[in-house]
Every structure is written in C-alpha cells, then in structure tokens.
Amino acid sequence: MKRDLHLYMVLLMLCLVSCKAQKETQEPSADEQSKIVLVDQDEYSGFAEYNTMVIRDFKSLAKFYAEVNKTRKPGLPIPKIDFSQEMVLVICAGEQKGPQSAELSVLEENNADLVVGVSMKPNQDPNTLTSTVISHPFYLYKIPSVDKEVVFQKR
C-alpha cells in the first residue's frame, strides 16, 4: 500500500513538472519592450496640422522646441538625448478633441526602411466627458539610431 502511494506521488509530480500549462510563457526582453520610449509630451505643439518628424541632432531638436516654446514663458526644457546612439521621433497630432495619446509601434524593419505605426487612443471613455477640450498635442519618442528612412503609417 505504501509502495503504491509513493508510486502515485511520483507520477503526480512528473505530470505537474512536465505539464506545459504550468510553465511560464517567455515575455519579450526588456530591450524589445523599450525600443520606443516616450520622452516628452504636451497639449500644445504650435502645429495646427498632423505632422511627423525624425530628429537626428541636437540643433534640430532645439529648433523644434523653439517652435513649441514661442508662446509660453517659461518654455519647456529640451530633453537630454544621446544622438550618438539615439534619434527622436516627433508626432504633432494636429487638432484633437478630448484627451488622447499617441502609441507608436515598429511595424516592419528591412534593409532600407523602418516602418513605424502611429495610432491615437482616447485616454478616457468619450461618453463620460462633460466638455470637449480642443488641443494640438505633440509626442516626442526616442529610439535607437538607425541609418534607414523612417516611414510613418497612421493607423
């Protein structure tokens, strides 16, 4: 009887250890998750229409912030970016009604192009808003620098 109980316990343990449902799925690595990082955003960009930019140097980034800071005192500080290893993607969303956020994702990467998908997601349920605020937001993301053409695809 004792021997049967031991055999039963060993078989049960083998089943639990070998069961694929008990094993954890592999999460994407930290490098894959952090490929596109939001660095800055604000509700006013100074750009009335939808616009995307790729910034590869500090001078261009300073020029963008000069445009954003034209009508505000004090202005927004320019984020610190290591342009030797990173580049900046800017999304000026144009006129938006209600609070939204831009989500970027790499759709495709080949030898010549890096295709980045841009989708605008509402921050709240539109049915719960009591008033609609019109804004012209911008979103500034950093990604590892690539010597490819960046193509934005609005989704």
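In this chain, numbering begins with 1 at the start of the sequence shown.
Listed by first and then second residue, the salt bridge (Lys or Arg N to Asp or Glu O under 4.0 Å) pairs that reach into residues 43-68 are E67-K70, sequence neighbours excluded. Identified under the salt bridge (Lys or Arg N to Asp or Glu O under 4.0 Å) test for residues 78-94, with sequence neighbours left out: E86-K142. The stretch residues 106-117 participates, sequence neighbours left out, in these side chain to side chain donor-acceptor pair (under 3.5 Å) pairs: K35-E109, E108-N110, E109-K148.
V88 and L114 end up in different hydrophobic clusters when Ile, Leu, Val, Met, Phe, Trp and Tyr side chains are linked at under 4.5 Å. V116 is not connected to I55 by any chain of hydrophobic side-chain contacts under 4.5 Å among Ile, Leu, Val, Met, Phe, Trp and Tyr, and they are in different clusters. Under the 4.5 Å side-chain heavy-atom criterion for ILVMFWY residues, a single connected hydrophobic cluster contains both V68 and I81. Residues I36 and M53 fall into different hydrophobic clusters, defined by Ile, Leu, Val, Met, Phe, Trp and Tyr side chains chained together at heavy-atom separations under 4.5 Å. At a threshold of 4.5 Å between side-chain heavy atoms, the hydrophobic network of Ile, Leu, Val, Met, Phe, Trp and Tyr places I143 and V90 in two separate groups.
Put simply, CZ on F152 and CG on L107 are 11.5 Å apart, with the number rounded to the nearest 0.5 Å. The SG atom of C92 sits 11.0 Å away from atom NE2 of H136, with the distance rounded to the nearest 0.5 Å. In this structure, CG on L140 lies 8.5 Å from CG on L89, to the nearest 0.5 angstrom. Atom CG of L38 sits about 9.0 Å away from atom OG of S101, to the nearest 0.5 Å. Here F64 contributes atom CZ and D40 contributes atom CG; the two are 8.5 Å apart, rounded to the nearest 0.5 Å. Taking CD of E95 as the start and OG of S135 as the end, the distance is 8.5 Å to the nearest 0.5 Å.
For Y50, the side chain to side chain contact (heavy atoms under 4.5 Å, CB included) partners at least two apart in sequence or on another chain are T52, I91, V118, K154. With sequence neighbours left out, A62 forms a side chain to side chain contact (heavy atoms under 4.5 Å, CB included) with F58, I78. Not counting sequence neighbours, N69 has no partner by the side-chain hydrogen bond (donor to acceptor under 3.5 Å, both in side chains) test. Q41 pairs by the side-chain hydrogen bond (donor to acceptor under 3.5 Å, both in side chains) definition with nothing, not counting sequence neighbours. Partners of Y139 by side-chain hydrogen bond (donor to acceptor under 3.5 Å, both in side chains), not counting sequence neighbours: none found. Remark: Q153 pairs with no residue by the side-chain hydrogen bond (donor to acceptor under 3.5 Å, both in side chains) rule, at least two apart or across chains. With sequence neighbours left out, the side chain to side chain contact (heavy atoms under 4.5 Å, CB included) criterion links D42 to Y44, R72, L76, F138.
Closest of all the heavy-atom pairs between L61 and P79 is CD2-O, 3.8 Å. When every heavy atom of R155 is checked against every heavy atom of G117, the shortest pair comes out as CD-CA, 3.9 Å.
Under the 4.5 Å side-chain criterion, counting only non-hydrogen atoms from C-beta, Q96 is in contact with P137. Side-chain contact between P77 and Y65 is absent, with no heavy-atom pair separated by less than 4.5 Å.
Between the side chain of S45 and the main chain of F47, a donor-acceptor pair closer than 3.5 Å is present.
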As a quick check of understanding, evaluate side-chain contact (heavy atoms from CB on, under 4.5 Å) for V150 and M87, giving each step before the final call. CA-CA 11 Å; V150 177; M87 64 184 190; 3.6 Å; yes
